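Counting starts at 1 for both ligands and their atoms, following the listed order. Computed from a predicted structure; not experimentally measured.
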Amino acid sequence: MDFWFKEKHTKNVEFSIRVDRQLYSGQSEFQRIDIFESVEFGRFLTLDGYMMLTEKDEFIYHEMIVHVPMAVLPEARNILVIGGGDGGTVRELTRYDGIEHIDLVEIDEEVVFASKEYLPFTASALEDERVSIYYEDGLKFIRYHENEYDLIIVDSTDPFGPGEGLFTKEFYGNCYKALTEHGIMVNQHESPFYPEDAYAMQRAHKRIVESFPISKVYQAHIPTYPSGHWLFGFASKTYHPVSDLNRRRWEDLNIRTKYYNIPLHIGAFALPGYVENMLRTVEVQ
Ligand code: SAM
């Protein structure tokens, strides 16, 4: 019998993967959590039926959300990750010996539990001694931190359900406050392609522009996300993501990556014209 995972990317577009078997299914206080195994994409995690990561393409998302800011600020010591209970972002961060501490704030303990059990390829570094895990709402956690983190990575779900608060003006303003003098905030920034995602992306960009003096957007190709064209936000107090990038300094760290490299870092900030227009429209409003 055929078993397919299906996700509606729009009312008229569906994405599907043939599933070999289901490894986990649970309903937490916040969302439904499923983990499947497939021939094409290996194991994959969905929350409320939306794709979070697959074994085959998660390296693209996690490398781009971590190494872009770390290459601009390799001296970052104290890091906050909001969301990201699968552990992929933490895994990439722990590759930097200079990082002293990582706080991971994940609202849903069951995501961490299921990832540790069934997604060892992303959860492998959650036991690193530099990592502290807090099971809290990131929106509330950030209210009580000031001048503390060199880098904040918002590795959230989409702007509805538990993730909604992580796309608000209040949240971005509090992230600014929680950052140190040269701090950087990076967030998963949705897709520009389908109108509903593009609207969420523009709304987030407008709020970030109002909260940070430097606010840029970069892109990556992630096959299992809607349209495959995904954006990240880079917001910063002082450093520009391209002109303050020091190629030698990052390459000397000898971190081996599969997707990220310095020329790609620079190129990722060169956006298609229609995306530039969407961003400009909200910047001048
Ligand atoms: N790579 C993913 C993507 O963009 O599809 C994100 C993956 S990660 C699994 C997202 C995590 O954010 C989920 O585990 C979810 O429970 C967590 N999350 C959602 N809202 C949150 C909140 N308000 N505070 C902390 N964590 C939150």
Ring centroid separation [X] to [Y] under 6.0 Å:
X	Y	answer
F212	Y172	no
F15	H9	yes
Y61	F232	yes
W250	Y260	yes
F5	F44	yes

[X] near ligand 1 by a heavy-atom separation under 4.0 Å:
X	answer
E136	yes
G165	no
L53	no
Q31	yes

Next item on the list: Only heavy atoms count here, so choose which of V81, L139, I142, D155 is nearest to atom 10 (C) of ligand 1.
Entry: D155
Check: Out of I65, I107, T89, L119, whose heavy atom is nearest to atom 25 (C) of ligand 1?
Finding: I107
What part of [X], side chain, backbone, both or neither, has a heavy atom within less than 4.0 angstrom of ligand 1?
X	answer
Y225	side chain
V111	side chain
M52	both
Y61	side chain
L47	side chain
P162	both
D158	neither

Mark up the atoms of ligand 1 that fall under 4.0 Å of a heavy atom belonging to [X], in ascending order.
X	value
D108	16 (O)
D86	7 (C), 8 (S), 9 (C)
V105	25 (C), 26 (N)
M51	5 (O)
D137	22 (C), 23 (N), 24 (N)
G138	22 (C), 23 (N), 24 (N), 25 (C)
Q188	4 (O)
G84	8 (S), 10 (C), 11 (C), 12 (O)

Next item on the list: Please indicate whether any nitrogen or oxygen in L166 is less than 3.5 Å from any nitrogen or oxygen in ligand 1.
Entry: no
Checklist line | Smallest separation among heavy atoms of I208 and H189, with atom names | finding: CD1-NE2, 4.1 Å
Note to self: I need the I222 CD1 to T224 OG1 distance, nearest 0.5 Å.
What the structure shows: 7.5 Å
Among all protein heavy atoms in this structure, tell me which lies nearest to [atom], with the distance rounded to 0.1 Å.
atom	value
atom 15 (C) of ligand 1	E106 OE2, 3.4 Å
atom 19 (C) of ligand 1	T157 OG1, 3.3 Å
atom 12 (O) of ligand 1	G83 CA, 3.3 Å

Note to self: Among E55, E37, E117, E58, exactly one meets salt bridge (Lys or Arg N to Asp or Glu O under 4.0 Å) together with R43. Which residue is that?
What the structure shows: E37
Check: Side chains of P159 and E190: closer than 4.5 Å at any heavy-atom pair?
Finding: yes
N-O pairing of [X] and [Y] below 4.0 Å:
X	Y	value
K169	E210	yes
E136	K140	no
E75	R249	yes
K8	E14	yes

Notebook entry, point to check: Quick one: do I266 and V217 end up in the same hydrophobic cluster if we chain Ile, Leu, Val, Met, Phe, Trp and Tyr together by side-chain heavy atoms under 4.5 Å apart?
Noted result: no
Next item on the list: Assign the ring pair H182 / Y239 to parallel, tilted or perpendicular, where the plane angle (0 to 90°) is split at 30° and 60°.
Entry: parallel
